[in-house]
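These notes are about the structure you will find just below.
Computed from a prediction, not measured in an experiment: that's the story for all the values here. By convention in this document, chain letters (A, B, ...) are assigned in the order of the sequence lines, proteins followed by strands, and residues within each chain are numbered from 1. All heavy atoms count here, side chains included; hydrogens, waters and symmetry mates do not.
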Number of protein chains: 2
Amino acid sequence: MYLLGMSNLNPTSYTILGGLSVQPDLSGYDIRKGIQQSIGYFWAESYGQIYPALKRLAREGLIAPSKASPNGRKRRQTYVLTDAGRAALRQWLALPFHNETPRNEFLLKLFFAGVASPDVAIAHIQDLNERNRRWLVTIKTIEASIPPEQPSNPHLPYWMLTLSLGKAMTSAALEWGEKALAALNAREASAAGSPQLPTTRTRKTSTSPRKQTRGKRGSMRSERKVSK
Amino acid sequence: MYLLGMSNLNPTSYTILGGLSVQPDLSGYDIRKGIQQSIGYFWAESYGQIYPALKRLAREGLIAPSKASPNGRKRRQTYVLTDAGRAALRQWLALPFHNETPRNEFLLKLFFAGVASPDVAIAHIQDLNERNRRWLVTIKTIEASIPPEQPSNPHLPYWMLTLSLGKAMTSAALEWGEKALAALNAREASAAGSPQLPTTRTRKTSTSPRKQTRGKRGSMRSERKVSK
DNA sequence: TGGGTCATGTAATAGGTTACATGATTGC
DNA sequence: GCAATCATGTAACCTATTACATGACCCA
């Protein structure tokens with residue numbers, strides 16, 4: 001009965017189903033905003049994914065257009081979950097989760113930092129610490145915005161768990177970063193005390209790395225396939 | 001002088017440059033193996049990325065084919081870093097690191113776990129804990145394999161730092177997982193004690209989710225674009 | 001002589017971001 | 001009337017994984 005040509009949705013689609021299961025009558029725009037505000041510290045979606053996914057989900061009957069416009073807004077399409085959609089969501093929830101391929105560019109640069117000046121590693125760790133401090137603020141903000149809800153909400157215990165994992169990991173990384181920074185600074189200081197061969201490294205006064213431009217950021221598209 | 005049509009390499013290319021900066025005369029195969037064995041807990045590369053990247057790096061003069069075959073193997077192409085390659089690597093190392101888009105499927109499923117039976121969340125957390133325990137073993141294995149090197153190795157302090165961050169975050173996650181599991185089990189037990197309406201949830205004996213098949217794993221390609 | 005691993009490579013496809021285009025609505 | 005934000009959508013890329021093809025070498 002439900003082995004028609006559908007299935008094999010992408011994670012974006014399941015995120016949409018999940019969002020609509022928590023709150024019906026959301027538009028694509030709402031969904032994106034909701035994701036940013038509630039699970040933005042561990043999940044992101046772009047419009048380029050959301051709108052096509054909505055079309056497809058509707059086509060396959062997992063969501064349905066709804067007319068309800070909670071506020072007076074017009075020209076926006078909201079959706080609700082269908083029974084089939086709820087079933088698909090439950091099915092997906094029960095499957096083992098995928099490990100995302102590990103790709104941590106911070107750790108990669110730290111691993112190879114021996115080729116560069118110690119300033120580089122120090123700057124990256126400072127950068128990481130700042131980002132982590134900001135994450136902690138974000139997480140605490142979300143945390144503060146939750147309790148007011150009705151306490152019988154079946155989602156609440158799980159929402160608290162996701163927040164506490166986020167907090168635990170970010171805190172651990174921040175503690176590591178502060179210790180690492182202290183260790184590297186001590187090492188730098190002692191190196192400055194003892195004699196040192198003049199090497200490639202030019203002791204810069206600023207430790208902050210300059211802005212990174214990589215294909216992205218539209219302009220500055222210097223790359224143009226060398227051969228072929 | 002060095003503003004020719006090159007630059008804008010992808011992370012894979014920089015990983016290769018990094019690998020060759022630590023040890024020259026590696027083949028594509030070696031590089032992949034080396035990555036798995038030393039930084040596999042935070043970085044992965046596939047052949048489909050490595051071989052094209054090697055070609056391109058050689059074309060742009062950042063690496064050069066070398067003849068040295070450390071062991072007696074034949075029919076394999078090894079490479080060394082050129083001066084330009086080392087410069088490119090240093091330049092990239094100094095740029096701020098990219099945050100990978102946060103996409104943690106475990107947290108996503110946990111967040112929406114309220115739509116499903118409590119067994120689902122419990123199974124996922126057990127799964128996570130097992131993976132984390134395995135990570136810790138891997139990290140400790142790598143850790144044990146490092147000290148024998150010459151202590152003057154300039155990479156060593158950074159390698160130790162990457163390992164300690166990996167360990168800190170994994171341990172934090174594991175501690176969280178154990179507490180979370182205890183909390184959910186307690187909740188389940190107390191729910192079983194108090195009367196409960198018969199709902200959709202079918203109390204399964206097994207808590208382990210079944211194998212996930214999603215397009216990948218070649219066979220079982222049930223999806224076949226419904227329309228268009 | 002045959003299995004395992006070494007070794008290189010490519011085609012199909014998935015999955016996703018960015019930049020851009022377009023226009024409506026709200027509030028000042 | 002104008003800026004900000006709401007709102008939808010698409011085309012051009014990029015990045016990466018998977019599956020497959022191909023064959024050499026090692027050793028028992």
Side-chain angles (χ1 to χ4, degrees), chain A residues 7-16 25-36 43-56 58 65 69-79 98-103 105 213-225 228, chain B residues 7-16 25-36 43-56 58 65 69-79 98-103 105 213-225 228:
Chain A
S7 85
N8 274 89
L9 303 176
N10 58 24
T12 300
S13 300
Y14 290 111
T15 308
I16 292 173
D25 293 317
L26 297 174
S27 66
Y29 194 84
D30 295 333
I31 289 169
R32 169 122 200 274
K33 214 176 52 175
I35 288 169
Q36 283 182 332
W43 200 266
E45 291 293 349
S46 62
Y47 292 129
Q49 291 277 103
I50 287 178
Y51 286 110
L54 283 171
K55 287 280 161 66
R56 184 178 166 193
S69 308
N71 49 23
R73 303 219 150 266
K74 279 143 219 160
R75 209 184 96 81
R76 60 192 232 113
Q77 189 49 262
T78 59
Y79 296 88
H98 281 301
N99 263 350
E100 79 250 70
T101 313
R103 281 217 143 191
E105 202 182 273
T213 345
R214 274 233 28 254
K216 44 157 42 203
R217 293 287 153 238
S219 51
M220 162 109 210
R221 44 182 59 250
S222 49
E223 151 140 278
R224 214 60 298 185
K225 283 288 190 283
K228 196 347 119 42
Chain B
S7 85
N8 275 89
L9 302 176
N10 59 24
T12 300
S13 301
Y14 289 111
T15 308
I16 291 173
D25 293 316
L26 296 174
S27 66
Y29 193 85
D30 295 333
I31 289 169
R32 168 119 202 275
K33 212 177 52 177
I35 288 169
Q36 283 183 331
W43 200 265
E45 291 294 350
S46 62
Y47 291 130
Q49 290 277 101
I50 286 178
Y51 285 110
L54 282 171
K55 286 281 161 65
R56 184 180 165 192
S69 307
N71 48 23
R73 303 221 150 264
K74 279 143 220 161
R75 207 183 97 81
R76 61 192 232 113
Q77 187 49 260
T78 60
Y79 297 88
H98 281 301
N99 264 348
E100 79 249 71
T101 312
R103 282 216 141 194
E105 203 183 272
T213 343
R214 276 233 25 258
K216 46 159 38 209
R217 293 287 153 239
S219 50
M220 163 109 212
R221 43 182 61 252
S222 50
E223 150 139 278
R224 212 65 293 189
K225 284 288 188 284
K228 185 15 95 51

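- With hydrogens and angles disregarded, no donor-acceptor distance shorter than 3.5 Å links the side chain of B:S13 to the backbone of B:L9.
- Figure legend: A:R32 and A:Y47 shown as a cation-pi pair, the cationic atom lying under 6.0 angstrom from the six-membered ring centre and within 45 degrees of its axis.
- Counting only heavy atoms from C-beta on, A:N10 has its side chain closest to C:dG15 among D:dT8, D:dG9, C:dG15.
- Summarising the geometry, the separation between CG on B:L26 and P on C:dT8 is reported as 11 Å, rounded to the nearest angstrom.
- Atom OG of B:S27 is separated from atom OH of B:Y51 by 6.0 Å, given to the nearest 0.5 angstrom.
- One finds the CD1 atom of B:I50 at 13.0 Å from the NZ atom of B:K55 (value rounded to the nearest 0.5 Å).
- How far CD of A:E45 is from CD1 of A:I35: 5.0 Å, rounded to the nearest 0.5 Å.
- As rounded to whole Å, 14 Å separates atom C1' of C:dG23 from atom OH of A:Y29.
- Without hydrogens or angle criteria, B:E105 side chain to A:H98 main chain gives a donor-acceptor distance under 3.5 Å.
- For A:K55 and D:dG9, the shortest distance from a side-chain N or O to OP1 or OP2 is below 4.0 Å.
- Distance CZ (B:R56) to C1' (C:dT8): 20 Å, rounded to an integer number of Å.
- Distances shown here put a side-chain N or O of B:S27 below 4.0 Å from the OP1 or OP2 atom of C:dT8.
- B:Q77 meets the side chain to side chain contact (heavy atoms under 4.5 Å, CB included) test with B:P65, B:Y79; sequence neighbours excluded.
- One finds the CD1 atom of A:I16 at 5.0 Å from the CD1 atom of A:I31 (value rounded to the nearest 0.5 Å).
- At whole-Å resolution of the value, NE2 in A:H98 and P in D:dT17 are 14 Å apart.
- Less than 4.0 Å separates DNA chain D from at least one heavy atom of each of the following residues of residues 47-54 of chain B: B:G48, B:Q49.
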Return the polar atom pairs (N/O with N/O) between nucleotides 21-23 of chain D and the protein under 3.5 Å, or none.
none

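- Checking the phosphate oxygens (OP1, OP2) of D:dT18, no side-chain nitrogen or oxygen of B:S46 falls inside 4.0 Å.
- Heavy-atom distances to DNA chain C give each of A:T12 and B:D30 a nearest nucleotide, and the one nearer the 5′ end belongs to B:D30.
- Going from atom CZ of A:R76 over to atom C1' of D:dG9 covers 16 Å, rounded to whole Å.
- A:Q77 places its CD atom 16 Å from the C1' atom of C:dA24, with the value rounded to the nearest Å.
- What separates CD1 of B:I35 from P of D:dT17 is a distance of 11 Å, to the nearest Å.
- Here the P atom of nucleotide C:dA7 and the CD1 atom of B:I31 are 12 Å apart, to the nearest Å.
- The distance from atom CD of B:Q49 to atom CG of B:L54, rounded to the nearest 0.5 Å, is 11.5 Å.
- Within the nucleic acid shown, B:K33 has no heavy atom closer than 4.0 Å to any nucleic acid atom.
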